[in-house]
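Here's the structure, in structure tokens; my notes come after.
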Amino acid sequence: EYARPSEVSRSRARFFRGQKPILLYTGRAHFFFRYKIRGARHVLFYGLPDHDHFYAEITSFLAEAALNGSATSATALFTRYDQFALERIAGVPHARQMLTATKD
């Protein structure tokens, strides 16, 4: 979020064309700029988003790849201390089930 707009544009274009395999995108950058990230096939949340609608917005980046037939995935890492954030995203019954399920 502190990069110049030209650097951001160049990085997003390189990611879309496949020249860069990983793009680090922060919740803060999404809050302020709401970039549309094209070319994403996998999303990894290292912690749940602060705002529940960010989860839906960011996972919608996968729609283009899914339409093209690519395998897509969204993974969120969370702990029991993230219970309230998980409830906002998945709902209370699903959050409880996810928190009490066996860990693989």
Short question: side chain of [X], backbone of [Y] - any donor-acceptor pair under 3.5 Å?
X     : Y     : result
Arg14 : Pro21 : no
Thr59 : Tyr55 : yes
Arg34 : His30 : yes
Ser9  : Ser6  : no
Asn68 : Ala65 : no

Minimum heavy-atom separation for [X] to [Y], with atom names?
X     : Y     : answer
Glu64 : Gly39 : OE1-N, 4.5 Å
Ala95 : Glu87 : CB-CG, 3.6 Å
Leu62 : Val43 : CD2-CG2, 3.7 Å

**Q.** Audit row: Phe45, Phe78, side chain to side chain contact (heavy atoms under 4.5 Å, CB included) steps and yes/no
**A.** CA-CA 9 Å; Phe45 291 94; Phe78 59 90; over 6 Å; no
Q. Taking it one step at a time, do His42 and Thr72 satisfy side chain to side chain contact (heavy atoms under 4.5 Å, CB included)?
A. CA-CA 5 Å; His42 306 284; Thr72 61; 5.7 Å; no
Please check if [X] and [Y] belong to a single hydrophobic cluster, counting links between Ile, Leu, Val, Met, Phe, Trp and Tyr side chain heavy atoms closer than 4.5 Å.
X     : Y     : answer
Val92 : Leu99 : no
Leu44 : Ile37 : no
Ile22 : Val8  : no
Phe31 : Tyr25 : yes
Phe32 : Ile58 : yes

**Q.** Contacts of type salt bridge (Lys or Arg N to Asp or Glu O under 4.0 Å), residue Arg4, not counting sequence neighbours
**A.**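 With sequence neighbours excluded, Arg4 shows a salt bridge (Lys or Arg N to Asp or Glu O under 4.0 Å) to Glu7, given in chain and number order.
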Q. Considering residues at least two apart in sequence or located in another chain, which fulfil the salt bridge (Lys or Arg N to Asp or Glu O under 4.0 Å) criterion with Arg17?
A.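 For Arg17 there are no salt bridge (Lys or Arg N to Asp or Glu O under 4.0 Å) partners, ignoring immediate neighbours.
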Q) Looking at residues at least two apart in the chain, or sitting in another chain, which of them share a ring-ring contact (aromatic ring centres under 6.0 Å, His included) with Tyr35? A)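 Tyr35: ring-ring contact (aromatic ring centres under 6.0 Å, His included) contacts with Phe33.
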Reported [atom1]-to-[atom2] distance for the pair [X] and [Y], which is rounded to 0.5 angstrom:
X     : Y     : atom1 : atom2 : answer
Leu23 : Lys20 : CG    : NZ    : 11.0 Å
Ser73 : Arg41 : OG    : CZ    : 10.0 Å
Asp50 : His53 : CG    : NE2   : 10.5 Å
Leu48 : Asp82 : CG    : CG    : 5.0 Å
Leu86 : Gln97 : CG    : CD    : 11.0 Å

**Q.** Derivation and outcome, side chain to side chain contact (heavy atoms under 4.5 Å, CB included), residues Phe61 and Arg38
**A.** CA-CA 6 Å; Phe61 298 163; Arg38 297 179 62 205; over 6 Å; no
Q: Let me see the working for Arg12 and Phe16 under side chain to side chain contact (heavy atoms under 4.5 Å, CB included), right down to the final yes or no.
A: CA-CA 6 Å; Arg12 290 174 54 214; Phe16 175 66; over 6 Å; no
